[in-house]
Structures are given as C-alpha cells and as structure tokens.
Amino acid sequence: MKTVVIGVIGADVHAVGNKIIDYVLSENGYNVVNIGVLSSQEDFINAAIETDAKAILISSLYGHGEIDCRFMREQCEEAGLDKVKLYVGGNIVVGKQDFNDVEKRFKKMGFDRVYPPGVKIEQALVDLKEDIGI
Amino acid sequence: MKTVVIGVIGADVHAVGNKIIDYVLSENGYNVVNIGVLSSQEDFINAAIETDAKAILISSLYGHGEIDCRFMREQCEEAGLDKVKLYVGGNIVVGKQDFNDVEKRFKKMGFDRVYPPGVKIEQALVDLKEDIGI
Amino acid sequence: MVKNEKLTMEEFLRIRKEILQGWPTGSHPALELDEAVKRLKSVPPHKNFALKLRKAKEQGVTLIQPRAGVARLDEHIELLQYLEKEGRADFLPSTIDSYTRHNRYENAEDGIRESDKQGRSLLNGFPAVNHGVDGCTKVYKNINVPIQARHGTPDARLLSEIICASMWTSNEGGGISYNIPYAKTIGLEDTIKYWQYVDRLVGYYYEQGIELNREPYGPLTGTLVPPSISNTVAIIESILAAEQGVKNITVGYGQGGNVVQDIAALKALEEQTNHYLKLFGYEDIFITTVFHQWMGGFPSNESDAMGLISFASTVAALGNATKMITKTTHESQGVPTKEANAQGLRASKMVVNLLKGQRMPDSKEIEEEINQIKKEVDSLIHAVVKAGKGDIAQGAVNAFKRGLIDIPFAPSEMNNGKVLPARDIEGKIRILELGCLAFTDEIKEFHHQKLAERAKIQNRKISIQMTIDDIYAISEGVLVGTEKG
Amino acid sequence: MVKNEKLTMEEFLRIRKEILQGWPTGSHPALELDEAVKRLKSVPPHKNFALKLRKAKEQGVTLIQPRAGVARLDEHIELLQYLEKEGRADFLPSTIDSYTRHNRYENAEDGIRESDKQGRSLLNGFPAVNHGVDGCTKVYKNINVPIQARHGTPDARLLSEIICASMWTSNEGGGISYNIPYAKTIGLEDTIKYWQYVDRLVGYYYEQGIELNREPYGPLTGTLVPPSISNTVAIIESILAAEQGVKNITVGYGQGGNVVQDIAALKALEEQTNHYLKLFGYEDIFITTVFHQWMGGFPSNESDAMGLISFASTVAALGNATKMITKTTHESQGVPTKEANAQGLRASKMVVNLLKGQRMPDSKEIEEEINQIKKEVDSLIHAVVKAGKGDIAQGAVNAFKRGLIDIPFAPSEMNNGKVLPARDIEGKIRILELGCLAFTDEIKEFHHQKLAERAKIQNRKISIQMTIDDIYAISEGVLVGTEKG
Ligand code: B12
Ligand code: B12
C-alpha cells in the first residue's frame, strides 16, 4: 500500500475537497496521511518523511497557492525528499487565468502534475496510479 | 402642424412600437399619418405625396429592413419627393451588428437619420423638431 | 361560413392538390401521401415530438427549446447541431423567415441568393418551402432530437405538407394565433380554414398510426396579453384541431412577470383546455403546456437579459410546464448568434434541472388567481359559442368581429383593437380599456378596481400612459411602469 | 470561562490598548475614540449600512451586495466604483485577504509588495489592516453607498477598529461563524471573546449615538449546511452581539437549492431570531436577513452560473430577504474580474427588481417546513442553554465540544465533525449522519425517514456516497446527486 500525503497549504481553510480526497484515495487503496487545512510546506515535508510517502498532493483553493508553493521543490530536496512526486490542484492562482500559463509556472517550480479548477480527484487517480502505482 | 408618415415596412407585422410612435408624435403636435404594418415603399410614398408630409419614419423590426429599404430614396425622388426627410429605426438589420457600420450603410442608401435598436421614439423627437419643426 | 367540422377526405385531397402547386418544391415525390407516411413511420420515438412530450409529461420535467433559423441550409444545420450540443436543447425548431410566412417564396429565394452572395443570413429565418423536402429532410437527419416548424404563417398549408413529409413531427400555429398577431388584412375565416387543413393533415397521419404534435401559438402579440385572452384562444384552437383529428396538443402561455399570475395561468390553461375538450366531446386528447420566456421588449444589457431568462425558467419549472421556449441575450438587438442562443439555453437548462421535481406549493393566493382566470375564460368562451350559435369556428370569427375577443396590440384589421392592458400594483396583467370584451360586469369591475388601486398607490390617473409605461418597463428593468418626472 | 456578559468599559479599553499595538497602522490618530466618533457621525444616512437596511426593510425590497477585494488600494477603489456604477450594487464590501484573516500582516505586506511589482493582485482580498485608516478612509470616500468588511477572521479586533474609524458602517462575522469554518486550532472560547470585543465596540458607538450594522456570517462552510444548524448559530451570535449593545443585526442564510426549504429557512430565521432575542431580554434589536446565493461548488460554465445566480435571486426576492450576496460566473475558477462581478450583480438586480413586492404565497407546505426548522432550532438552542447552565456563551463552547452542535465539513478541531448532510428526494437538505446533534428522537426519525425515502426511490443505500454525490451535484447541473454507473 503506497502512502500519499494530502493537505491544504498556507492560510487556506477550504476543507471540503480535502475531506473528499481523503475518502476517495483511501477507498482506492492508498494509505492517506491527511495533514488537513492550514498546513505549511514544513508540515507536508515532515509528514512525507515520517511516512515514507511516494507523493505529496497539495491542495490550494483560496488563491495564494502561487505564493505558498514557492520553493516547495527546493525545500523537499533540502530535506532529502528527492524522489517524491509533487502534485498541486484546486484553484491554485488568483482569478480566472489561462491554465496553460499556470501549468507552466508551476511545472517550472518543480511540480510534477498541476490540475486546473474543477478537476475532481476521481479524475486524477489515473495519473497517481501511473506515477506511483497503488 | 407638420405631417409625418409612419409605418412598418415589408412583411413586418411588429405593431407595438408603431402604435406607440403614433401616440407619442400625435401628443407632441404632429399630424401623424399611420399606414401601419406590412407597408410597401409605394404605400409610404403615396401617403407622403397625398398628405404633403415633411418626413417619412420607417420602422423595420424583423430584420429584413436592409432588403426592404433598398432604393427607397431613389423611389422617393422618382415620385418627386425630393425634400422629404427619411428616417429609419427599430431592429433594421439581421442580428446584433456594429451600429456604426449599419448607420453608414443606411446613410449611403439616402436615409437622413438612422436609429439603433432600443432608441425610443421619445428620444428621436429632438431630431424631428430640428429637421422639420413642429 | 367556416364551421368546426372535420374536412372530408375528398375535400382535403382536393385542396391538397391545389396547395402543392404553390411552389415548385410542392411536386417532390415524398409528398405522395403513402410515401410521406412511410417516411414518418421511420421516425424513432426519441425524434418524435409527440412521444417525447408524452414522456416528459409523465416524468414531470420541463424540457427546453430555442427559436432558431437562418437562410442557408448548411448554416441552418450547423446552427441546430450547435444548439443541440452546446445548448442542450431537448427540442429543436426551425423558425421560418417572414417572406415564407407571407407566402412570398420569390422574395425568400432572393433572400437565399443574397445570403449566399454575402456569406451571411439576410433572412430572419429558415425558408423551408424554398429548401423543400430534400433540404428539410437533411435538417431532420442531421439532428438527434425532435424538430418543429415555428413561424407565424397565416396560410401554412404548403409549408406544413413539406415539413411533415420531411419528418418534422410538430408544427406551431393556429387559425387565430397565426393570423391576428401576424397579419393585417387576411380574413379570420380564411385562416381558420387554412389551419383546419393543417390539422386535418395531422389527423390524417394519426389515422395512419402516426402521432404528431400541434402547438397553438400562445403568446399572441407577446405584449401584456391578459392570460384569459390568450388562454381562450388556445382553447378554441385546441378544439378546432381536435375536430380535425389532432390528438397531441401543446397549449402555450407567454410569461407575464408576476409569478402568482403566471403559475395560475399555466394551471388554468391546462385544466380548462382539458375541460372544454371533453365538454365539446373530444375525449382522448393528450394536452401538454409550453411556457414562453418573456415575449415583450427585452432589456439590452446582456446580464439583465440573463437574469430575465433564468427568472422565467424558475417560473416555468415551478409551474410544471412541459416545455419552455427560451430567449437569448441578443433578443433586444436582433436574431441571435448561435453562441448567444446556446447561452440562453444553458442558463435555462441549469434552472429547470435544479428545479426538477420542485413545484409551487398550492396556496390560497394562486387558487384565487386561477379562479379569476377561469371565470374570465368561461365568460369569453361562452360568448364565442353564443356568437357562433353553438359552432366554435363561426363563433370565433364573429366574436373577433364584434370585439368580444380582442387581442391587445394586434396588427390585424380583423381585431377590434380596443383593449388596452396594464399591470396592477403587484404586476399582474389586468385590463384598463375593456373595449367590447365579453366579460361579465363582475369581471369588469374587478379589473377596474385593480387599476384604481395602482393609480392610487402610484398617485396617477388611469390612462393609456400606464400601458405605455408598462410596455417599456421590463426592458428598463422593472415590472410595473412608473411615470417619468 | 467566557460568559455572555457585557464587557465593562474598563476591560474594553484595556484590551483596546493592547489590540491597537498589533500592527503599526493601529497607532493612527483617528483611532482615538473621540476622533472615531466624530468621523462616524459625519457619515450621511445613505452611506450608513444600518440605516439603509432599515429603509430597505420598510420598503420590503431586496438589496444586493457583491464580494470583492484586491491587494492594491487604488485598484480596490476602482473595483468598488465599477461595481457601484456598472453592477448597481446597493452595498459594497471589502473582502479581506486570507493572510489578514489570520493576522499575518507581514505576509499581507509581502503580498501587496509582490502585487505592486507584478501589477496584478496576488492576494485574494483587500488587506485592510495594512492599508490602515488612511487607505480605508480613502475607500469610503470614493464610493456612494455603505461599505462593509467581509472576511472570515477569527480575531478581527484590530481590523474592526480600523474599519470603524474609517467610516465603514458594517462588519461581518461572529465568534462561532468566523471560527469553525475558517480556522483549525483556535479555541471557540477565544474567538467568542474576540467577537464580544468587536460587538462591544459597536455597542460603544451606539452609546455615542451611532448605529452600526453587524452581520453574523450565515452560510458557515457553504456546503449542504442544514438550515437549523446555521440558523442556530445565527441566533446565538445575535444574542451575544445584543448583550454587547449591538442594535442592528442582519442574520444570514445560504441558499440550499430547494425553494420551499430556502424560503422556510429565511422566515424561520427571522422569526426565531426575534423570538429568542426577546426571550433573552433584548427588546429593541432591529433584525434583517441576508440571503447568500449558492455557496458551494459552482458550475464552471458561465451560462450555467448565470442561471444559478438568477435562480437564487428569485428565491431571495420571493423570500423577502432584505439583502442578497451575489456570486459571479467566475466563481468556480477564481476571484472574479470586475466585469464578471458586475455581470452577476446586474442579473441579480434585474430579478429582484422585477420581483419587487412579489412574495411566495403562504402555503401548508412552507408552513410545515418552517415548523420543522423551528422545532430543530428549539431543540438545539435548548441544548446549548442547558450545556451552559443558562449562559449561552458557555453553552456554545460546551455544545461544540460535545458535538451537540456540529457544522458539516468544518476544518476546526473545535467542531465534532461527525455530522453528514444529504439531500432528500426533493432536494431539501437533511442529515444522514447525526453524530451527537442535540435533536429529539422525533427529529432524528424524521431525517432518517426522508433519506430512506430517497434511498428507495434512487435504489441505493443510505451512505456517505450520497453526501459526496450531493456535494458535486450542483456544479454538475443537478440538485440531488445520483450514483454514477
Ligand atoms: C413583441 C415581438 C414580437 C411579437 C410582435 C407582435 C406584434 N404584432 O406587434 C411577435 C411575437 C408576433 C413577433 C414576431 C416575430 N418577430 Co419579433 N419581436 C418582438 C420583440 C420581443 C419586442 C418588440 C416590441 O414590441 N418592442 C416594444 C416596442 C415599444 O419597441 P420597438 O418595437 O423597438 O419600437 C420602439 C423603438 O424601436 C423606436 N422605433 C421603432 N421604429 C422606429 C422608427 C424610427 C424612425 C424611430 C426614430 C424610432 C423607431 O420607437 C418605438 C417606440 O419607442 C422584439 C425584440 C425586442 N425588442 O425585445 C422581437 C424582434 C423584433 N422580432 C424578431 C423576429 C425575427 C420576429 C419573427 C420573424 C420571428 C420570431 N422570432 O417569431 C416574427 C416576425 C413576424 C413578422 N412577419 O414581422 C427579431 C428581429 C430580428 C432582427 N432584426 O435581427 C427581434 C429583434 C427578436 C430577436 N432578437 O430575434 N415579435
Ligand atoms: C465552499 C467555499 C468556501 C467555504 C469553505 C468552507 C470550508 N472551510 O471548507 C467558505 C465560505 C468558508 C470559503 C471561504 C473563502 N473562500 Co472559498 N470557496 C468555496 C467554493 C464555493 C467551493 C469550494 C468547494 O468546497 N468545492 C467542492 C470541492 C469538492 O471541490 P474542490 O475544493 O475544488 O476540490 C476538488 C478538486 O478541486 C480537486 N482537488 C483539490 N485539490 C486538489 C489537489 C490535487 C493534487 C488534485 C489532483 C486534485 C485536487 O479534488 C477535489 C475533490 O474532487 C469555491 C468556488 C467553487 N469551486 O465553486 C470558493 C473559492 C475556492 N473560495 C475562494 C475565496 C477567495 C475564499 C475566501 C478568501 C474569501 C471569500 N470568498 O469569502 C475565503 C477563504 C478562507 C480561507 N482562509 O481559506 C476563491 C478562491 C479564489 C482564487 N483561487 O482565485 C474561490 C475559487 C471562489 C472565488 N471564485 O472567488 N470558501
């Protein structure tokens, strides 16, 4: 059973999607470590180290995702998490923006997968299976 | 008291605006000759000749205005109506079009005043006063 | 004198022969009745208007349909496909252009030619007669939902023949509703006869085992029409259709703006249509209702228009209409683009979907308004029957002549044209000038009271200015007009 | 232990001194109370939130207000002016950014700086504390309608001081409603105290002859919150505010989607808030209601969103809410552009204008739903009072601890987090998993019955999957979720 860390980054309290992600990934055979809302980069990284997680799924809904995610990849590497997959999804920037641009920005920041608003976790399951198996 | 001919041109049966125009112009001191809906260019011209009208106010709502109004100015001239003012208003072309273009096209056809959708007759009174007095 | 009597087959065939000669496309082989029957029998249930309506009624849902039509065949097909896919339309229309409506097929031909030349539609609709059976069949084949002709044609006999043979399974119109609001000098007797023919054609197909839908056109002039007047016309046309053998009828009503009155009108319409059909001896007619989103002058701002469209959808769903005709954000400007049309559809669809199964609860207020409308309709129908000495067709002709029925703002000279509607203070449509309307004194007094109340609250006189203010009101974003200072 | 007792002036001033030191902008001279009073007294009635609400209530109209806020001052002013002019907003907001909500003024400062650099807002709202009294006063001066701070700030004491001194005449929030849905580890006792302070400030100004409006935040997590739960929180917060001297309170409710339930909830909310305030001895409190357009996940298609927005407006108007908070077509995507925001406002305005004076008629069905909601609220309030041995503040803290009140999907660890809502077959929000909710057995049975009915009709089990399907449902264009095959 593969472990994934999920949570909502920054000063973000959007809890609904997080609860659903927890439920759906668990139902689909993952060991889900849910650090919940209002989580810092350190919280994600510590949880991933402690549980030997194969992927970190960051949610950001409230718009500050771009600020909150800066240097996340670098922090992971510094902490020795150099193989962990980094996913980000939700409403990760402020406002309705062209998603191609947004994806590029986040990929450049070192994220492996970037999801546009409204992509349900059910749809991302395929990618997760492909990237880390079950 | 100045006479104006009003009516709705072509196969157009939109009667509501026509009835209001009749009422408002009459209330404002014009002698209104209303030839009603489904009127041809000849109907307008004949009415104008018979009543010595100073202006012809053509309504076209249903979209065929551009076809129905072709050569109206020429027909007027042929009938000896060379001083009559020609107004057109309503929804005079098919679809939502840039009104500047539309106005140009109708002015080129010899219309003196061209009105966009939604201009109420109350607003056109000023022009009429300026052009032919009361 | 026209009578409410079923056309004999002989008579029908005699007229038919003549009709088909009205334009070259009338000679298409598919217009052999046997051939047309064969074609119609090939229509699968999901593309049959009548059957899809039966299903919708059973499920209690409100389905949606746009208006749409352009001059050129391929562009028209593309438009309809777009509305089906992007707009999620449950039914598709072909709105017919105004030349065709006046049987001016030469003008329509010109329009097509000119449109081809300019690469854009110069006609305000689809010239179905000119495109003929081949064109109309191509339209039918390229969509996946039932299709209907929507027009405003006093004499739609040739048009109706062509669309039926092209497997279009519904046709809008009626001898009154496609005359009084859509013509000026055509006799009512004539148009009733024309539409008896159209209904007889549908009746004929029914005898061959094919159920087609007919839809009397409800909103009439679309402008402050009091519900009892439009409901009365719908009931008369239903009876006329039933006599000719039509079995599947959709009666229509155009949104007035007051929620209580609109829902009451829809209920009264359905109940009284059923009631009067039975009373006149037509037992097995299947009745559904169609609600038209606001038919009068629209606001020009597109968000305002979206608000109005969605508000109308709420009323249609809560009022349990089986079908709703949608408007678009371009309404005040001109024939909509396909995108604007689809947007109106989607917003409407969203609302009726969310309201699936939700109904306006029964209440005393609605009950009272239903009773008021029914009383008025009874009064009008009574007068019509009397004016026809028992015959509803004759009665209709005479009633219009004498102004016993009178449709506000209609262009037709067959209409008395004396009635002036205005809203009461709640926005319900009442009648300010009653003309010769066949109302009882009690009803007349009711209307007067209601407008006196408004006059008092608005501190103004009861006058035609009220009517004018009300005509402008919705496009200016209010329901009840007020005097401008 | 926190108690529902008015802060003494002494205590208030002591805390105040501390609070104002939280960030450099707290030292602005306008934050001298005398100076602030003088400023607030200069606010003309049409820019006073409390007074404009009184007038609206009297006239029976529904006024509209957007959410809006960006990082940079001038851009924020431009945004508000646009919404006033193009959107016809009756009230303006300043939605505060999330860093400020968590008192992270350094982060907010960063955000402003970064936004300046990039020339676009990188914050999700207006950082009012950082902009301080000068910035906020500039906002106030550049608009012509009342303005309110809208946020989600557990400790909004400094923020509240600054906005009041800047002549913002309303403030949203409460010790429960701005904690449980907006925080994770902050104690409920603490936030109730923080908000007692905010209310005391408003009470202080009232003593100086200045009426300000306060608005407990109604929709909570915005996600399938059963009306009785949100109404209970609103009532508790109203009592807490009244004790501190607040006189003008707007209680809120977020659209659920079933028209009958929504209108019943609004009525029950107003009646029970008034009832309980009197019962607890607060006599002269002026209560209005605010209806929030759908607060859960929005559809991504913009026409769908317009449909939903306008449908919500219909309900707000028919339900006679005094105010409505509007959404936009960008809701599912991100903070809206000013254009999108204005479009949502205009569509909403159109609908409430057309419905001016129109009401949902009284009916048995609505009456029954009102009674159901009231019964549930009574049951919850009873438990709260008991849990606090008569003190509602203590009671609230204990009730949340024991799960007697429990808000679905809330992030806070102070919340029991056991309750799972789901819709019944009509789309009314019921409770599937009751957790420790303080409901009588009769009420519990009612909810179970309703969901059993849905399970039977949908041929599925009562399970959390219902809840999940319902969470997705509206954004997918239906009200009641169904199992995907
Ligand atoms: C009511 C209405 C109808 C009623 C008309 C009833 C009747 N017999 O009068 C019915 C339902 C029957 C109808 C039918 C049709 N209609 Co129609 N109708 C409307 C609607 C909704 C309102 C018109 C109205 O009464 N407005 C209120 C009056 C007071 O305003 P008005 O007519 O604009 O007139 C005022 C001003 O424009 C101005 N004015 C008018 N003429 C002139 C002239 C001058 C010189 C001046 C200065 C001012 C002026 O002053 C008037 C008074 O203030 C409009 C759309 C809209 N505006 O919202 C569509 C509209 C006009 N119809 C349209 C169409 C296409 C049709 C139909 C072909 C098809 C259909 N959709 O069913 C048929 C055509 C029938 C025919 N042969 O003519 C289109 C025209 C499209 C275009 N131009 O691109 C419109 C714009 C709707 C749309 N967007 O598709 N319609
Ligand atoms: C409900 C809601 C709230 C509730 C949240 C209650 C709670 N505590 O959970 C309340 C009302 C409290 C709230 C508050 C705020 N909100 Co809010 N909120 C929403 C709303 C309407 C729905 C969110 C939701 O629950 N959706 C349903 C769930 C199931 O979907 P989801 O969250 O999107 O998650 C799914 C997918 O995105 C995906 N997913 C999510 N994360 C990830 C990660 C990965 C790796 C993958 C693969 C997939 C994935 O899977 C999830 C399950 O399928 C959205 C707009 C919308 N979507 O319609 C706005 C929205 C997210 N909120 C927004 C904002 C700005 C705020 C506020 C700042 C201000 C405000 N408007 O009041 C505060 C912020 C508070 C804070 N500090 O965080 C903005 C964000 C703007 C932006 N990004 O540009 C939005 C987009 C609205 C808007 N357009 O302005 N909000």
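Naming: A, B, ... by sequence-line order, numbering from 1 per chain.
If you tally non-hydrogen atom pairs under 4.5 Å between each of C:S310, C:A305, C:S313 and chain D, the highest count goes to C:S310. Options C:I309, C:L308, C:N258, C:I366 differ in how many heavy-atom pairs under 4.5 Å they form with chain D, and the most are formed by C:N258. Among the candidates D:V259, D:D362, D:N301, the residue making the largest number of heavy-atom pairs closer than 4.5 Å to chain C is D:N301. When D:T314, D:I474, D:V315, D:D304 are compared by the number of non-hydrogen pairs under 4.5 Å with chain C, D:D304 comes out ahead.
Here CE of C:M360 is found 4.5 Å from CE of D:M360. Values are rounded to the nearest 0.5 Å. One distance of note links CE of C:M306 with CZ of D:R346; it measures 14.5 Å at 0.5 Å rounding.
The side chain to side chain donor-acceptor pair (under 3.5 Å) search around C:K52 returns none, not counting sequence neighbours.
Chain D is approached within less than 4.5 Å, heavy atom to heavy atom, by C:M350, C:V351, C:N353, C:L354, C:L355 from residues 348-356 of chain C, ordered by number.
Counting heavy atoms from C-beta on, the side chains of C:K364 and D:S363 never come closer than 4.5 Å.
Between C:Q358 and D:G257, the shortest heavy-atom contact is NE2-O, 3.0 Å.
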